[in-house]
Amino acid sequence: MVELKNVSVTYSNGVDALHDVSLRINDGEFAFVVGESGAGKSTLIKLLLKEITPTSGRITVNGFNLEKLKKNKAHKLRRTIGFVFQDFKLINTMNVYDNVAFVLRSIDAPVKYIRNRVPYVISLVGLKDKAKCYPNELSGGEQQRVALARALVNDPQLIIADEPTGNLDPKTSLEIVELLKGINECGTTVMMVTHEHELVRHFGGRTITIKEGRITFDDYIG
Ligand code: ADP
């Protein structure tokens, strides 16, 4: 669950990146967050990961009150969130299996669990036959599927996808959003940030529009 109450962010240069933003995304929801460049989308994401703190207002993410959460405990919050980036951010020297397993290894998950969980999520995203491939042997869509598997592997409560289709052609973009929808139907909350209005209109559903740091629309479309 994500909740912001009257949240404002003013950067040190005086820019009001977010102004009195209140919103709530319940567990199990799928929400698009739409806005042009400079609207405040990245600022919103940074707040949710506690990479920055708000100038005012309160934020709760997956049961963590971010005001009370100490900086050195922020990793506990981040472990409940799976993150998908526009540019995939895969490790080019590792194959698909290791890119996904890396997440679990870095939190010292039991080897047996890793051996079961990693192939499971890789097949979930449709890449069973590509587990031994390296990122440069994969298409953009396939690389984004690996990134989705990586985001999913630790069974997060929330997936934040930041412009996940920004580097993909329209057909592949639809496939990636469909995959995110499928993940959501299995119970994971999904927040997908995008500026592609076409894609949002195609799928419909909860759509939150940010303009110049303010929420100008928050409703169901389509
Ligand atoms: P978006 O992700 O929607 O493109 P951002 O959240 O990155 O928007 O930016 C919102 C506003 O805040 C913009 O005017 C941007 O220039 C400004 N901004 C973003 N990051 C910083 C920063 N670290 N310091 C100062 N201003 C910033």
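Heavy-atom basis, side chains included; hydrogens, waters and symmetry copies ignored. The first residue in the sequence is number 1, and the count goes up from there. Order of appearance sets the numbers: ligands from 1, and atoms from 1 within every ligand.
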Participant: How far is atom 18 (N) of ligand 1 from its nearest protein heavy atom, and which residue and atom name does that atom have?
Facilitator: Tyr11 CE1, 3.4 Å
Participant: Without swapping roles, check the side chain of Asn6 against the backbone of Gly57 for a donor-acceptor pair under 3.5 Å.
Facilitator: no
Participant: Under 4.0 Å from any heavy atom of Ser42, which atoms of ligand 1 are there?
Facilitator: 1 (P), 2 (O), 6 (O), 7 (O)
Participant: Could you say whether the N/O atoms of Gly38 and ligand 1 ever approach to under 3.5 Å?
Facilitator: yes
Participant: Taking atom CZ of Arg115 as the centre, report whether more than 12 heavy atoms of other residues, nucleotides or ligands fall under 6.0 Å from it.
Facilitator: no
Participant: Is there a donor-acceptor pair closer than 3.5 Å between any side-chain N or O of Asp169 and the backbone N or O of Thr172?
Facilitator: yes
Participant: Hey, is atom 1 (P) of ligand 1 under 4.0 Å from any protein heavy atom?
Facilitator: yes
Participant: Tell me, do Thr189 and Val2 make a side-chain contact under 4.5 Å, heavy atoms counted?
Facilitator: no
Participant: Considering non-hydrogen atoms of the protein only, which is the closest contact for atom 8 (O) of ligand 1, and what is the distance?
Facilitator: Gly40 N, 3.1 Å
Participant: Could you tell me whether the side chain of Leu18 reaches within less than 4.5 Å of the side chain of Leu47, counting heavy atoms only?
Facilitator: yes
Participant: May I ask you to list the atoms of ligand 1 that are less than 4.0 angstrom from any heavy atom of Ala17?
Facilitator: 10 (C), 11 (C), 12 (O)
Participant: Take atom 15 (C) of ligand 1 and look for protein heavy atoms under 4.0 Å from it; say yes if you find one, no if not.
Facilitator: no
Participant: Would you say Asp162's side chain and Ser42's backbone share a donor-acceptor pair under 3.5 angstrom?
Facilitator: no
Participant: Between the candidates Asn13, Val33, Thr43, which shows the shortest non-hydrogen contact distance to atom 6 (O) of ligand 1?
Facilitator: Thr43
Participant: Would a distance-only check, ignoring hydrogens and angles, find a side-chain to backbone donor-acceptor pair under 3.5 Å from Arg78 to Leu49?
Facilitator: yes
Participant: May I ask you to list the atoms of ligand 1 that are less than 4.0 angstrom from any heavy atom of Lys41?
Facilitator: 1 (P), 2 (O), 3 (O), 4 (O), 6 (O), 8 (O)
Participant: Pull out every atom of ligand 1 sitting under 4.0 Å from any heavy atom of Glu36, numbered as shown with elements.
Facilitator: 3 (O)
Participant: Any side-chain heavy atom of Arg214 sitting closer than 4.5 Å to one from Asp20?
Facilitator: no
Participant: Got the closest protein heavy atom to atom 17 (C) of ligand 1, with its distance?
Facilitator: Val15 CG1, 3.8 Å
Participant: Can you sort out which atoms of ligand 1 are near Ala39, meaning under 4.0 Å from one of its heavy atoms?
Facilitator: 1 (P), 3 (O), 8 (O)
